[in-house]
Amino acid sequence: MSHIAEPQPLRDLLRGVEQTYSLDDLRRKLALKRPLRIKLGMDPTAPDIHLGHSVVLRKMRQFQDLGHTAVLIIGDYTARIGDPTGRDATRPVLDESAIQQNAQTYLDQAGTILDLSPDKFELRYNSEWLGKLNFADVLNLTGQFTVQQMLHRDNFKKRMADGTEIQLAEFMYPLMQAYDSVVVKADVELGGTDQTFNNLRGRDLMGKSNLDPQVVMVMPILVGLDGTQKMSKSKGNYVAVRDQPNDMYGKVMSIPDELMSNYYELLTPLSTDRITSLLDPEQTHPREAKDVLARVIVEEFHDPNAANHAAEEFKRRFSENKLPEDLETKTIDESPIGILNLITRVGFASTNSEARRLVQQSAVSLDDEKITDPKAQITLDSPAILRVGKRRVCRITK
RNA sequence: GGGGGUGUACCGAAGCGGCCAAACGGGGCAGACUGUAAAUCUGCUGACUAUGUCUCCCGAGGUUCGAAUCCUCGCGCCCCCA
């Protein structure tokens, strides 16, 4: 993708975007010289926002910084159906207080990326308008689309092919989301590539409703820390925006090198030139490049100080193999105590058998002395440092 | 409603009466090597008072000296027909 001929703001807006429908419309809208309404829908389920979500949120923030308005829609009504993207057909209906709470949690986290000041941010619940539709309205809405069109969607297509059931109500999901766009008069809708179909239905419906159709911009799905699967909470391969600096830094440092260019593009504001030079092994050692990446990310969610600190701490711990700054101290009231017992007591293993295995695999040391005998009895005269593997360390006192 | 299939550890998948705490692959953990990267090599991956004991192969019963393996009932999932 090269947009060399585009003016700077547009070029920046297009960075990292997988697909724009359509670029011409976006140009035209930007030329209107009025704040555009940038829509993003969210599920009111319990959120733990991570870097994957941040890709889209950062794009939204970029628009805000150019003076546009972020319109965040809480899908409290849509949640009754469940997004077919998630493929599980039914989802528990959330009660109102749970929705409110989830929305608040979402905002707390999204606020680390978005500008929540009232002149640049608008929060809406789609029950506000979807709840008011009567049957005739719904019929009218369904009249705008065809079954063929719905079946065209990858997800439905696949389920038709392999015989998985599709609930009739699931067809409504894209329509509802499309209707949201009509109501809030979106100029641009953002989403992950998995939302392309839904978002485009919004574009259709606006056109049919005599509105200027929204532009749809979809962002790639971020690959998780393991380098293969999409970043998600359930896979455990994620960096939460609420992660503490040290954690965040360490997690980023653990990504495979191949992922760096992707992360740089989608998760940092660094210029393309800068990124190119960072990723060129002739100019920058890969470890250095990853350090910069990790710092930039930590800075975004915390601050430069925290980033520096995390980097130093990381170096201390893993390059110089020193103890962490905030070494945890655990008190054990039994002495002497069997080594296995000690390990499970401090929570470094969940069962004695697991602790035994670790000892036998020489992963355990006390005051830098390897312990390989599972029967070893430990006498705690003075505080001692217990290590299990590379990451688990603490100080033990009586 | 009728017919067929299937259910094994975190996941996929062998096993189909004893040699099964259950092959193999993936994942995870640990060790070596390193840049807490990748690749590679090695070991581990049910529990426990640990060279033995206990629990375990969807659930409940049963057959058998002996069951993940056979039978019965139940539950879940899948496919085909209506």
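Quick note on labels: first sequence line is chain A, next is B, and so on, each numbered from 1.
Judged by the 6.0 Å distance and 45° axis criteria, A:Arg201 is positioned over the aromatic ring of A:Phe197.
Residue contacts for A:Pro256: at a heavy-atom cut-off of 4.0 Å it reaches the sugar-phosphate backbone alone, with no base atom in range. Note on A:Ser362: only backbone sugar-phosphate atoms sit closer than 4.0 angstrom, heavy atoms only; bases stay farther off. A:Gly389 comes within 4.0 angstrom of the backbone, heavy atoms only, and of no base. A:Arg356 comes within 4.0 angstrom of a nucleotide base, judged by non-hydrogen atoms across all strands. Counting non-hydrogen atoms under 4.0 angstrom, A:Ile255 reaches the backbone sugars and phosphates but no base.
Residue A:Asn352 places none of its side-chain N or O atoms closer than 4.0 Å to OP1 or OP2 of B:A47.
In a base pair of the Watson-Crick type (N1 to N3 plus N6-O4 or O6-N4) or a G-U wobble (N1-O2 and O6-N3), with each distance short of 3.5 Å, B:C33 is matched with no nucleotide. B:G1 and B:C81 make up a base pair, with Watson-Crick or G-U wobble contacts both under 3.5 Å. B:C44 and B:G28 make up a base pair, with Watson-Crick or G-U wobble contacts both under 3.5 Å.
Using atom C1' as the reference point in both B:C33 and B:C41, the two lie 9 Å apart (nearest Å). B:U8 and B:U53: their P atoms are spaced 29 Å apart (whole Å). Taking atom P on both B:U69 and B:C56, the two are 12 Å apart, rounded to the nearest angstrom. Comparing the C1' positions of B:A47 and B:U55 gives an interatomic distance of 7 Å, to the nearest angstrom. A gap of 39 Å separates the P atoms of B:A32 and B:G15, to the nearest Å. When the C1' atom is compared between B:C20 and B:A9, the two are found 13 Å apart, to the nearest whole Å. Between B:G62 and B:C81, the distance separating the two P atoms is 41 Å to the nearest Å. Only the C1' atoms considered, B:A67 is 15 Å distant from B:A21, to the nearest whole Å.
Scanning all heavy atoms of the two residues, the minimum distance from A:Ser319 to A:Arg287 falls at OG-NH2, 3.9 Å. Closest heavy-atom contact between A:Arg242 and A:Asp48: NH2-OD1, 3.9 Å. In plain terms, the two heavy atoms of A:Glu18 and A:Thr193 that are nearest each other are CG-CG2, 3.6 Å.
A:Asn262 has its side chain within reach of A:Leu222: a pair of non-hydrogen atoms, C-beta onward, lies under 4.5 Å apart.
Interface remark: the A:Arg357 side chain does not form any donor-acceptor pair with the B:A30 base, using a distance-only criterion of under 3.5 Å. Judged by distance alone, with hydrogens and angles left aside, A:Asp226 brings no side-chain donor or acceptor close enough to the base of B:G27 to form a pair under 3.5 Å. In the interface, the side chain of A:Gln361 is paired with the base of B:G43 through a donor and an acceptor atom under 3.5 Å apart.
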